[in-house]
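Here the structure is a predicted model, which means the values were calculated and not measured. Start at 1 with the first residue, then count along the sequence. Each ligand, and each atom within it, is numbered from 1 in the order the structure gives.
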Amino acid sequence: MKPLYLASGSPRRRELLTQIGVPFTAIGAEIDETPLDHETPSAYVERLARGKAEAGRQALDAGVDGCVLGADTAVVLDGRILGKPVDQADSMTMLLSLSGREHEVLTAIAILDGQRCESRVVRSLVRFRSITEQEAAAYWASGEPRDKAGGYGIQGLGAVFVAGLEGSYSAVVGLPLCETAELLGHFGIPCWQTLNAR
Ligand SMILES: Cc1cn([C@H]2C[C@H](O)[C@@H](COP(=O)(O)OP(=O)(O)OP(=O)(O)O)O2)c(=O)[nH]c1=O
């Protein structure tokens, strides 16, 4: 079995991959995340997931033979990508625009080895209850929105805003585990092997 590298600085992605019992090494993979003109959100997250996997591969020492996994998550409202909030005003504007409405969360994963790259985009729908300005300000002060797409974390305090979810919970957190396990299988990396050995 080839070794697996996770090209990500996200602690959530590390925790999620650990959850399904796959041994891996985390490596950095910084890329430019600027959307291209007229790029759809789905094409955007897929390009970034592939780009992160590719950047991770290039960061490995020459001659290292392994698979590299990259992922990207975007919160999409009315066809527009909401990134990570840059300050309190940005965070509050984002959260209040999501208030009382449904939005999409798109997460792409890509795995590559020396020969090929395979990717998937997973779409989930999240419905928020109404949120007051005071709540949005207090949420920013908690520190949670800062490093998260759309300015919230469904796995944290942000859960109190979530009235409904259709799709993949793990994808919203940052890594769709069902699809990740399936794709890893295509590269000869089973999740169950380590689980059974426990
Ligand atoms: C919507 C949502 C996003 N997020 C996080 C997951 C991702 O870490 C982040 C989306 O930004 P990404 O650009 O996908 O990932 P990242 O920059 O954090 O990490 P890397 O590129 O190194 O892999 O938002 C949550 O933790 N919970 C949520 O509910």
Contacting atoms of ligand 1, where contact means under 4.0 angstrom from a heavy atom of [X]:
X: Ile154; answer: 27 (N), 28 (C), 29 (O)
X: Ser10; answer: 8 (O), 18 (O), 19 (O), 22 (O)
X: Gly153; answer: 27 (N), 28 (C), 29 (O)
X: Gln155; answer: 25 (C), 26 (O), 27 (N), 28 (C), 29 (O)
X: Arg13; answer: 7 (C), 12 (P), 14 (O), 15 (O), 16 (P), 19 (O), 20 (P), 21 (O), 23 (O)

Closest approach of [X] and [Y], non-hydrogen atoms and distance?
X: Ala53; Y: Ala110; result: CB-O, 4.0 Å
X: Val105; Y: Val172; result: CG1-CA, 3.9 Å
X: Leu77; Y: His103; result: CD1-CB, 3.9 Å

Closest approach of any protein heavy atom to atom 6 (C) of ligand 1, naming residue and atom: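 Going atom by atom, the protein heavy atom closest to atom 6 (C) of ligand 1 ends up being Val173 O, 3.2 Å.
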Nearest non-hydrogen protein atom, atom 10 (C) of ligand 1: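 Result: Ala149 CB, 3.6 Å.
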Between ligand 1 and [X], is the shortest N or O to N or O distance under 3.5 Å?
X: Gly9; value: yes
X: Arg12; value: yes
X: Ala7; value: no

Val105 to ligand 1, any heavy atom closer than 4.0 Å: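 No; Val105 lies far enough from ligand 1 that no heavy-atom distance drops under 4.0 Å.
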Whether Glu30 lies under 4.0 Å from ligand 1, heavy atom: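 Contact check Glu30 vs ligand 1: negative.
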More than 12 heavy atoms from other groups under 6.0 Å of CZ on Arg80: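 Atom CZ in Arg80 is not crowded, with 12 or fewer foreign heavy atoms closer than 6.0 Å.
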Greater than 12 external heavy atoms within 6.0 Å of Glu30's CD: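 Count not over threshold, so no.
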Derivation and outcome, side chain to side chain contact (heavy atoms under 4.5 Å, CB included), residues Ile81 and Val75: CA-CA 6 Å; Ile81 296 169; Val75 167; over 6 Å; no
Nearest option to atom 18 (O) of ligand 1, as decided by whichever heavy atom of Lys84, Lys52, Arg14 sits closest: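 Shortest heavy-atom distance from atom 18 (O) of ligand 1: Lys84.
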Proximity winner for atom 2 (C) of ligand 1, if only heavy atoms of Asp72, Val126, Val172 are counted: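 That would be Val172.
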Residues Asp147 and Arg12 bridged, charged N to O under 4.0 Å: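 Looking at Asp147 and Arg12, the cut-off is met.
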Pair Tyr139 + Phe161: ring centers closer than 6.0 Å: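 Yes.
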Same apolar cluster: Val160 and Met94, side chain cutoff 4.5 Å: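 Both belong to a single hydrophobic cluster.
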